Visitor: 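Got a structure for you, questions after.
Please read all numbers here as calculations on a predicted model, not as lab measurements. Chain identifiers are assigned alphabetically (A, B, ...) following the order of the sequence lines, protein sequences preceding nucleic acid strands; residue numbering begins at 1 within each chain.
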There are 2 protein chains.
Amino acid sequence: MILILFSLVDGPDRFNSLKTRIEGISQLMLTQDMERDGYVERTVYPQAPVKVEYELTDMGQGLAKAVWGLVSWADEHHETIRAARQTYDEENGY
Amino acid sequence: MILILFSLVDGPDRFNSLKTRIEGISQLMLTQDMERDGYVERTVYPQAPVKVEYELTDMGQGLAKAVWGLVSWADEHHETIRAARQTYDEENGY
C-alpha cells in the first residue's frame with residue numbers, strides 16, 4: 001500500500017502503468033482497500049476503450065505525507081542505528 | 001516499542017515505573033532492542049540501592065516525533081476512514 005501511495009503522490013495514474021512499477025499490485029488493493037478507505041478516487045472515463053484512473057484524495061495525500069515522515073526518518077538514520085548496534089555488541093561482548 | 005518511546009518522551013524513567021504503565025515491557029526490550037539501536041540511554045547511578053534510569057537519546061526523540069506524526073494522523077482520520085468504508089460498502093452492495 002505504501003508504494004501505491006508514493007506512486008500516486010504526483011498525480012493520477014492507470015492500473016497498467018502502476019503495475020509496471022509495483023510488483024504484486026492488484027486492482028483489488030486499489031479499490032477494495034484504498035478506495036474503500038478513502039485514500040484513492042477511481043475515475044472512469046466513458047470513452048472507447050474505457051479509461052480508468054486512480055488518484056489520491058486529500059486524505060490519501062495526507063497519509064502519504066505522514067508515512068513519508070517515518071520512511072525518510074528511517075532512511076536518514078539507518079546508518080546511525082547500524083553503528084549503534086555495532087558499538088553495543090562490542091561493549092556487551094556479542 | 002512505540003509505547004516505550006512515548007512514555008520516555010517527557011524525560012528519563014526507571015524500569016519499575018515504566019512497568020506500571022506498559023504491559024508486557026521487559027528490560028531486554030529497553031536494553032537489547034532500544035539501547036542497542038541507539039534510541040535509549042541507560043544510566044546507572046552508583047548508590048545503594050543502585051538506581052538505573054532510561055532516557056531517550058536525540059535519535060529516540062526524533063523517532064518518537066516521526067512515529068507520532070503517523071499515529072496522530074491515524075487518530076484524526078479514523079472516523080473519516082470508517083465513514084468512507086460505509087459509503088463504499090453501500091455503493092458496492094456489500
Side-chain angles (χ1 to χ4, degrees), chain A residues 1-6 8-9 26-44 52-94, chain B residues 1-6 8-9 15 26-44 52 54-94:
Chain A
M1 181 172 139
I2 289 180
L3 292 179
I4 297 173
L5 273 177
F6 292 161
L8 291 174
V9 86
S26 72
Q27 278 183 320
L28 280 182
M29 281 180 195
L30 282 164
T31 54
Q32 289 192 1
D33 290 341
M34 299 184 75
E35 185 187 1
R36 181 170 183 261
D37 283 1
Y39 302 132
V40 160
E41 232 161 32
R42 182 171 178 267
T43 307
V44 180
V52 178
E53 274 190 350
Y54 298 91
E55 183 171 17
L56 289 189
T57 59
D58 288 344
M59 191 165 71
Q61 289 284 358
L63 177 59
K65 199 170 155 226
V67 171
W68 180 251
L70 195 52
V71 167
S72 54
W73 186 90
D75 190 47
E76 280 160 42
H77 292 85
H78 72 85
E79 209 27 63
T80 318
I81 294 166
R82 200 197 51 71
R85 287 176 179 166
Q86 194 175 345
T87 308
Y88 183 92
D89 291 348
E90 281 159 13
E91 285 172 0
N92 291 276
Y94 293 120
Chain B
M1 180 171 139
I2 288 180
L3 292 178
I4 297 173
L5 274 176
F6 292 162
L8 290 175
V9 86
F15 176 66
S26 73
Q27 275 179 323
L28 281 182
M29 282 181 196
L30 283 162
T31 53
Q32 288 191 3
D33 289 341
M34 298 184 76
E35 185 186 2
R36 180 171 184 261
D37 283 2
Y39 303 132
V40 160
E41 232 162 29
R42 182 169 179 271
T43 307
V44 180
V52 178
Y54 296 91
E55 183 170 17
L56 289 188
T57 59
D58 288 342
M59 190 165 71
Q61 289 284 358
L63 177 58
K65 201 171 155 223
V67 171
W68 180 251
L70 196 51
V71 167
S72 55
W73 186 92
D75 189 46
E76 279 160 40
H77 292 86
H78 72 84
E79 209 27 61
T80 317
I81 293 165
R82 201 196 51 72
R85 287 176 180 167
Q86 194 174 345
T87 308
Y88 183 90
D89 291 348
E90 282 159 13
E91 284 172 0
N92 291 275
Y94 293 121

Visitor: Heavy-atom distances under 4.5 Å only: say whether Q86(A) touches chain B with side chain, backbone, both or neither.
Guide: neither
Visitor: If you tally heavy-atom pairs under 4.5 Å against chain B, which of V67(A), T80(A), T31(A), N92(A) wins?
Guide: T31(A)
Visitor: Counting heavy-atom pairs closer than 4.5 Å to chain B, which one of T87(A), D89(A), L63(A), V71(A) comes out on top?
Guide: L63(A)
Visitor: Ignoring hydrogens and angles, tell me if any N or O in the side chain of H77(A) forms a donor-acceptor pair with the backbone of W73(A) under 3.5 Å.
Guide: yes
Visitor: Heavy-atom cut-off 4.5 Å, strictly under: side chain, backbone, both or neither for E76(B) against chain A?
Guide: neither
Visitor: Assign the ring pair Y88(A) / Y94(A) to parallel, tilted or perpendicular, where the plane angle (0 to 90°) is split at 30° and 60°.
Guide: parallel
Visitor: Donor-acceptor pair, distance only, cut-off 3.5 Å: does the side chain of T57(A) make one with the backbone of G38(A)?
Guide: yes
Visitor: Quick check against the 3.5 Å criterion: does E53(A) have a side-chain atom that pairs as donor or acceptor with the backbone of R42(A)?
Guide: no
Visitor: E91(B) versus chain A, heavy atoms under 4.5 Å apart: side chain, backbone, both or neither?
Guide: neither
Visitor: Do the side chain of Q61(B) and the main chain of V9(B) share a donor and acceptor less than 3.5 angstrom apart?
Guide: yes
